[in-house]
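Numbers for residues simply follow the sequence, beginning at 1.
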Amino acid sequence: VGLELARETGETIVADAAGSVYLLDRRGRILTLSRGLHSLSGIAWSDAGTTGAIVVGDSTLTVLNRQLRIVGTAEFRDPILTLAVDPYGRHFAVCFENSETRILNSSRKTISRFSTTRPLSYARFVTTETDLISAADNGLVCRHQLDGSPVWGEPWWSNIGDLCITGDGRTIFLAGLNLGIQRFDGGGNSQGTYVVEGTPKHIASSYALKRLVTSTVERGLIWLDSEGEVLWATETPEEVCCLRCDPLGSGIVCGFESGRVARLDWGFPVS
């Protein structure tokens, strides 16, 4: 049900439908395993690898430490659509079905909240600034500061399958399904479309604008450079449900619907 990459440690954190959370090293070996967290529906993790959060049931935020022990919970009235954790694990963004987003601190106290015209389904903290970049399934891409102040909001009248950003937030990519991969700058201005074979559904980029990977509805898996040129492509044996890119652009981690997790590594960072 979710997969994240702790970009500083290189570890992969996986949550499955059986209620288990796994911490994997770079070789895929299990370092830590936590069971019994029933009805998981989402996961987010800090770049530092020290703190993460999961959604239990529809509306409970559960915070975990690196040992996958529960260090706190927060229960809400409204269903949670998505989560984001800042790079250091100090703040959590919780986006609700009622179009509200709350920013919580490490004590699970709400420090700000804001509402958008559409419920946000995708959210990522910028690493170099205290900003949150988010998107709805349809109708909106936006950027907010940590205090909830809007930086900008742009309508996007098409369905969105996924969102990813570079570490500095200066480039934003949307998996635009039938409209291909959409690229925006950090101010929300369109920078064009990357056209690939198939219908992009999941997407992930390296920390710097070097590499981009997308999976498609047709089970394609495509590795691109920063200008959208296809470097490598294959067809996967089953559907990809989660996708993350190594921060240096040297590889990717894929989570499949069967529960398999695979790492594809080109063996060197991109210069």
Undergrad: Is the shortest heavy-atom distance from the side chain of Leu146 to the side chain of Asp131 under 4.5 Å?
TA: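 A side-chain contact is absent here, since even the closest heavy-atom pair is not under 4.5 Å.
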Undergrad: Less than 4.5 Å apart, side chain to side chain, heavy atoms only: is that true for Pro247 and Leu5?
TA: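 Yes, close enough: below the 4.5 Å cut-off.
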Undergrad: Where the side chain of Ser46 meets the backbone of Thr51, is there a donor-acceptor pair that is under 3.5 Å apart?
TA: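 Flag set: sc Ser46 to bb Thr51 pair under 3.5 Å.
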Undergrad: Quick check: closest heavy atoms across Leu104 and Ala74, and the distance to 0.1 Å?
TA: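 Looking at all heavy atoms of both residues, the shortest contact is CD2-CB, 4.4 Å.
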Undergrad: With a 4.0 Å cut-off on N to O distance, would you call Arg143 and Glu129 a salt bridge?
TA: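 Answer for the salt bridge query: yes.
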Undergrad: Compute whether any side-chain donor of one residue and acceptor of the other, for Glu75 and Ser59, lie under 3.5 angstrom apart.
TA: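 No donor-acceptor contact under 3.5 Å links the two side chains.
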Undergrad: If hydrophobic clusters are built by linking Ile, Leu, Val, Met, Phe, Trp and Tyr wherever their side-chain heavy atoms come under 4.5 Å apart, do Ile103 and Leu120 end up in the same one?
TA: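 The answer is yes; both residues are in one hydrophobic cluster.
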Undergrad: How about Leu224 and Val196: do any of their side-chain heavy atoms sit closer than 4.5 Å?
TA: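 When only atoms from C-beta onward are counted, Val196 and Leu224 do touch, with a gap below 4.5 Å.
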Undergrad: Regarding Asp137 and Tyr122, do their side chains bring together a donor and an acceptor under 3.5 Å, going by distance alone?
TA: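 The criterion, which ignores hydrogens and geometry beyond distance, is satisfied for Tyr122 and Asp137.
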Undergrad: Between atom OG of Ser115 and atom CZ of Arg118, what is the distance when rounded to the nearest 0.5 Å?
TA: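 Interatomic distance, Ser115 OG to Arg118 CZ, rounded to 0.5 Å: 14.0 Å.
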Undergrad: Taking all atoms of both residues into account, what is the closest heavy-atom pair of Ser206 and Leu209, and its distance?
TA: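 Of all heavy-atom pairs spanning Ser206 and Leu209, the closest is OG-C, 4.4 Å.
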Undergrad: Do Trp152 and Phe114 belong together in a cluster built from hydrophobic side chains that touch within less than 4.5 Å?
TA: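 No, Trp152 and Phe114 fall in different hydrophobic clusters.
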Undergrad: On a heavy-atom basis, which atom in Ser205 and which in Cys164 lie closest, and how many Å separate them?
TA: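 Nearest pair, atom of Ser205 first, then Cys164: N-SG, 3.7 Å.
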Undergrad: I would like to know whether Thr60 and Phe76 meet side chain to side chain contact (heavy atoms under 4.5 Å, CB included); could you show each step before the answer?
TA: CA-CA 6 Å; Thr60 300; Phe76 302 97; over 6 Å; no
Undergrad: Does one hydrophobic cluster hold both Leu40 and Val261, with members joined at side-chain heavy-atom distances below 4.5 Å?
TA: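 No, no single cluster joins them.
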Undergrad: Could you tell me whether a side-chain N or O of Ser99 sits under 3.5 Å from a main-chain N or O of Thr117, the two making a donor and an acceptor?
TA: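 Side chain of Ser99 to backbone of Thr117, a donor-acceptor pair under 3.5 Å: no, none is there.
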Undergrad: Is a donor from one side chain sitting under 3.5 angstrom from an acceptor on the other, for Arg7 and Tyr207?
TA: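 The criterion, which ignores hydrogens and geometry beyond distance, is not satisfied for Tyr207 and Arg7.
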Undergrad: Does a donor on one side chain and an acceptor on the other come within less than 3.5 Å for Tyr88 and Asp47?
TA: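 No pair is found: no donor N or O on one side chain lies under 3.5 Å from an acceptor on the other.
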Undergrad: Where do Leu33 and Ser20 come nearest, in terms of heavy atoms and distance?
TA: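 The pair with the smallest heavy-atom distance is CD1-CB, 4.1 Å.
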Undergrad: Report the C-alpha distance between Glu154 and Leu140 in whole Å, list the side-chain angles of each, state the deciding distance to 0.1 Å, and finish with yes or no for side chain to side chain contact (heavy atoms under 4.5 Å, CB included).
TA: CA-CA 6 Å; Glu154 293 292 333; Leu140 180 67; over 6 Å; no
Undergrad: Name all pairs fulfilling the side-chain hydrogen bond (donor to acceptor under 3.5 Å, both in side chains) condition that reach into residues 101-112, sequence neighbours left out, sorted by first residue then second.
TA: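 Checked against side-chain hydrogen bond (donor to acceptor under 3.5 Å, both in side chains) - neighbours excluded - the pairs reaching residues 101-112 are Glu100-Arg102.
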Undergrad: Identify the heavy atoms of Ala233 and Val230 that sit nearest to each other, and give their distance.
TA: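 Nearest pair, atom of Ala233 first, then Val230: CB-CG1, 4.3 Å.
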Undergrad: Linking I/L/V/M/F/W/Y whenever any side-chain heavy atoms sit under 4.5 Å apart, do Val71 and Leu68 land together?
TA: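 In one cluster: no.
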Undergrad: Atom CD in Gln191, atom OG1 in Thr193: separation rounded to 0.5 Å?
TA: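 Output value for this atom pair is 11.0 Å.
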Undergrad: Do the rings of Trp266 and Trp232 sit parallel, tilted or perpendicular, given the 30° and 60° boundaries?
TA: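 If you compare the ring of Trp266 with that of Trp232, the planes turn out perpendicular.
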Undergrad: Show me the donor-acceptor pairs within less than 3.5 Å that the side chains of residues 236-246 make with the rest of the protein, sequence neighbours left out.
TA:
{"from": "Thr236", "atom 1": "OG1", "to": "Arg219", "atom 2": "O", "distance (Å)": "3.2"}
{"from": "Thr236", "atom 1": "OG1", "to": "Glu238", "atom 2": "O", "distance (Å)": "2.8"}
{"from": "Glu238", "atom 1": "OE1", "to": "Ser258", "atom 2": "N", "distance (Å)": "3.1"}
{"from": "Glu238", "atom 1": "OE1", "to": "Ser258", "atom 2": "OG", "distance (Å)": "2.7"}
{"from": "Glu238", "atom 1": "OE2", "to": "Ser258", "atom 2": "OG", "distance (Å)": "3.1"}
{"from": "Glu239", "atom 1": "OE2", "to": "Lys201", "atom 2": "NZ", "distance (Å)": "2.9"}
{"from": "Arg244", "atom 1": "NE", "to": "Glu4", "atom 2": "OE1", "distance (Å)": "3.1"}
{"from": "Arg244", "atom 1": "NH2", "to": "Glu4", "atom 2": "OE2", "distance (Å)": "3.1"}
{"from": "Asp246", "atom 1": "OD1", "to": "Leu248", "atom 2": "N", "distance (Å)": "2.8"}
{"from": "Asp246", "atom 1": "OD1", "to": "Ser250", "atom 2": "OG", "distance (Å)": "3.2"}
{"from": "Asp246", "atom 1": "OD2", "to": "Arg263", "atom 2": "NH2", "distance (Å)": "3.2"}

Undergrad: Nearest 0.5 angstrom please: Glu235 CD to Glu197 CD, how far?
TA: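 The CD atom of Glu197 is 9.5 Å from CD of Glu235, to the nearest 0.5 Å.
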Undergrad: OG1/Thr130 to NE2/His91 distance, rounded to the nearest 0.5 angstrom?
TA: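 Taking OG1 in Thr130 and NE2 in His91, the distance rounds to 8.5 Å.
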Undergrad: What's the separation between atom CG in Asp168 and atom OG1 in Thr127, rounded to the nearest 0.5 Å?
TA: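 Asp168 atom CG to Thr127 atom OG1 measures 8.5 Å (nearest 0.5 Å).
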Undergrad: Applying the 4.5 Å side-chain criterion to the ILVMFWY set and letting contacts propagate, would Val21 and Leu31 be lumped into a single cluster?
TA: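 Same cluster: Val21 reaches Leu31 through Ile, Leu, Val, Met, Phe, Trp or Tyr contacts under 4.5 Å.
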Undergrad: Please walk me through it: do Arg211 and Asp225 pass side chain to side chain contact (heavy atoms under 4.5 Å, CB included)?
TA: CA-CA 5 Å; Arg211 291 290 185 266; Asp225 68 13; 3.8 Å; yes
Undergrad: So do the side chains of Ile54 and Leu64 get within less than 4.5 Å of each other, counting heavy atoms only?
TA: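 A side-chain contact under 4.5 Å exists here.
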Undergrad: Specify the closest pair of heavy atoms between Leu23 and Arg66, including all atoms of both residues, with the distance to one decimal.
TA: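 Of all heavy-atom pairs spanning Leu23 and Arg66, the closest is CD2-O, 3.7 Å.
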Undergrad: Could you check whether Phe173 and Phe184 have their ring centres less than 6.0 Å apart?
TA: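 Not close enough - the centres of the two rings lie 6.0 Å or further apart.
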Undergrad: So, are Asp25 and Arg29 salt-bridged, with charged N and O less than 4.0 Å apart?
TA: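 Salt bridge present between Asp25 and Arg29.
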Undergrad: Could you check if a side-chain atom of Leu179 sits within less than 4.5 angstrom of a side-chain atom of Asn159, using non-hydrogen atoms only?
TA: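 Leu179 does not reach Asn159 side chain to side chain.
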Undergrad: Does Ser215 reach the side chain of His202, with side-chain heavy atoms less than 4.5 Å apart?
TA: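 The answer is yes; the side chains approach within 4.5 Å.
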Undergrad: Taking side chain as C-beta onward, heavy atoms only, is Val141 less than 4.5 Å from Leu174?
TA: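 Val141 reaches Leu174 side chain to side chain.
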Undergrad: Check for a donor-acceptor pair, side chain of Ser41 on one end and backbone N or O of Gly57 on the other, with a separation under 3.5 Å.
TA: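 Yes, Ser41 side chain to Gly57 backbone: donor-acceptor pair under 3.5 Å.
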Undergrad: Taking atom CD1 of Ile43 and atom CG of Leu3, what is their separation to the nearest 0.5 Å?
TA: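 CG of Leu3 is found 8.0 Å from CD1 of Ile43.
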Undergrad: Can you find a pair of side-chain heavy atoms, one from Val126 and one from Thr128, that are under 4.5 Å apart?
TA: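 Contact flag for Val126/Thr128 side chains = yes.
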Undergrad: I'd like to know if the side chain of Thr214 and the backbone of Ile222 have a donor-acceptor N/O pair within less than 3.5 Å.
TA: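 A pair under 3.5 Å: no.
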Undergrad: Between Val85 and Phe125, does the side chain to side chain contact (heavy atoms under 4.5 Å, CB included) criterion hold? Intermediate values first, please.
TA: CA-CA 7 Å; Val85 181; Phe125 276 103; 5.6 Å; no
Undergrad: Under the 3.5 angstrom rule, does the side chain of Glu11 hit a backbone N or O of Gly49 as a donor-acceptor pair?
TA: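 No, because the side chain of Glu11 does not come within donor-acceptor range (under 3.5 Å) of the backbone of Gly49.
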